[in-house]
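Labels below follow one simple rule: chain letters A, B, ... track the order of the sequence lines, proteins then strands, and each chain is numbered from 1.
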Number of protein chains: 2
Amino acid sequence: MPYEGCGLHNRGVVIFMTSKTQISRGTLLEAMAKDIQAGVFTPGTWLKQIDLENRYGATRMEVRRALDQLSSKRLVRHVPNRGYHVHALDDRQADEIREVRIVLETAAADTIVQNATAADRQELRALAQRFSDLVLTGTLLEQYEANVAFHIRLLKLCSNQELVNLALDIRGRGPSAPATQWKTRARIEQSGREHFLMIEAIEAGDAPALRSILTAHIRQSAEKELARIQPPQRRRG
Amino acid sequence: MPYEGCGLHNRGVVIFMTSKTQISRGTLLEAMAKDIQAGVFTPGTWLKQIDLENRYGATRMEVRRALDQLSSKRLVRHVPNRGYHVHALDDRQADEIREVRIVLETAAADTIVQNATAADRQELRALAQRFSDLVLTGTLLEQYEANVAFHIRLLKLCSNQELVNLALDIRGRGPSAPATQWKTRARIEQSGREHFLMIEAIEAGDAPALRSILTAHIRQSAEKELARIQPPQRRRG
DNA sequence: TGCAAACATTTTGGCGCCAATTCTGAAACC
DNA sequence: GGTTTCAGAATTGGCGCCAAAATGTTTGCA
């Protein structure tokens, strides 16, 4: 019974890079956060310091500092004398974080509508179009990244920089691994359509509409009835 | 021209403790955060590692780790080869953080109203009463702490634990030093009355009323017209 | 064969030392 | 008199080494 806090247990499974890409100090944190969010390290994986040194071409001290910062951001958890592992959210936490995302991003809606210029809307349309295109032709990771790009561009129209930073942090903590993001093809296409609906709401100056689209959009992937209904598996019967 | 980012410049002014209180590793962060929020270290103060070692009876490594975590929380800023200093918020950031606080705490209002039991309301009344009592008899620090205690107790009635954690984090980042919290005696007394109004709203099950009281309550100390009107000081002439 | 204890390996975490950089204060210079 | 320069002091920050803890394996025993 090695660890009680998480279900998965792929210990020490770390993907190496062929070439040690020298990563400067400030961006190591971002690189690791990105890899966690992109699903390179699945929830529950133990992050060994030596492997991280090799993967990112960083010193032990830089790795340790980045791990500490990641556990400040609640992306990884630290167990003394055991190390750091990717934080695995349970259903309740995932729901709660989703609701907080809704709170923050809808709070940003008012100033987004106020501040968006025609040029901004044009950029948003391009990003929304890129996402829709990738639904057919792209990989899951590309779709995920295009989606993130759209939402970040949208958020940055908000006047309140602190709100933007907080929303981005919370976004990074959510269960956003590409593999679990969208349940069905239909849901992806619906997401793509909603992006355009947001732009229309912005163009119409209709902040309440933007809020309601955002709310529905963020709640999208909350279709986990199947997992709930299944009874707990019995060991012998 | 030592540092461009903050107005104050009391470098190296650190208060020592007579006895080295041995502080365990997990709480060093909290102790430092509390001291910053309580105004022991004023905004802009440089936090020298040696002084912190002496003050908290910690090793250099623990101090460094705590400083890194504090800069993750945006309570201090790190300048390479210069050290760490308490983050000084400008007016804009203070306003923005206040608005984010309003967003988060009003978002918690619904479940607070739903979850509050009679016992909870009783505890809240006791804390509100303690604050009101301290307006006459207590020190500024005691008033500040009683106010924090009331707000924390209120927040913890919210079902969404992630929302609570985030609200507490943001609360810790705001300009909450006791000295700058309440402008006038009248404002303190008004704050005390608003605490009771919140409890009444909870008792009446009136979440919208709670939200509106909270909004006004948090915007309380935003009376800084005087500082704005003064022209920039001229050097000669 | 199943279980448990002891050993070997791996990994984390902390401590100390020293180089690089910055700050201070005083002397020199304009 | 005020500014600049320069050496000494102080501080930060990084690197390497080693102990403590945990994990995995093998051996011993019933």
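Remark: A:D95 does not engage A:R92 in a salt bridge, criterion side-chain N to carboxylate O under 4.0 Å.
Within the structure, salt bridge (Lys or Arg N to Asp or Glu O under 4.0 Å) pairs that include any residue of residues 159-170 of chain B comprise A:R173-B:E162, B:K73-B:D169 (at least two apart or interchain).
Listed by chain and residue number, B:H195 satisfy the ring pair (Phe, Tyr, Trp, His ring centres under 6.0 Å) test with B:F150 (two or more places apart in sequence, or in another chain).
Side-chain contact between A:H78 and A:L67: absent, with no pair of heavy atoms (C-beta onward) separated by less than 4.5 Å.
Following rounding to the nearest Å, A:M61 (CE) and C:dG13 (C1') show an atom-to-atom distance of 12 Å. One atom, CD of A:E62, and another, P of D:dG13, lie 13 Å apart when rounded to the nearest Å. In this structure, B:W46 places its CH2 atom 16 Å from C1' of C:dT24, rounding to the nearest Å. The distance from atom CD of B:E53 to atom P of C:dG14 is 14 Å, rounded to the nearest whole Å. Put simply, CG on B:N54 is 11 Å from P on D:dT11, counting in whole angstrom units.
The base of C:dG13 lies outside donor-acceptor range of the side chain of B:R65, with no N or O pair under 3.5 Å.
For the atom pair CD1 (B:I170) and CD1 (B:I97), the distance works out to 5.5 Å, reported to the nearest 0.5 Å.
Between A:R219 and A:R98 the shortest heavy-atom distance is CA-CD, 4.0 Å.
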Between the protein and nucleotides 9-12 of chain C, list every N/O to N/O distance that falls short of 3.5 Å.
{"from": "C:dT11", "atom 1": "OP1", "to": "A:K48", "atom 2": "NZ", "distance (Å)": "3.2"}
{"from": "C:dT12", "atom 1": "OP1", "to": "A:Q49", "atom 2": "N", "distance (Å)": "3.1"}
{"from": "C:dT12", "atom 1": "OP2", "to": "A:Q49", "atom 2": "N", "distance (Å)": "3.4"}

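Contact annotation: A:T59 does not reach the phosphate of D:dG14 (side-chain N/O to OP1 or OP2, under 4.0 Å).
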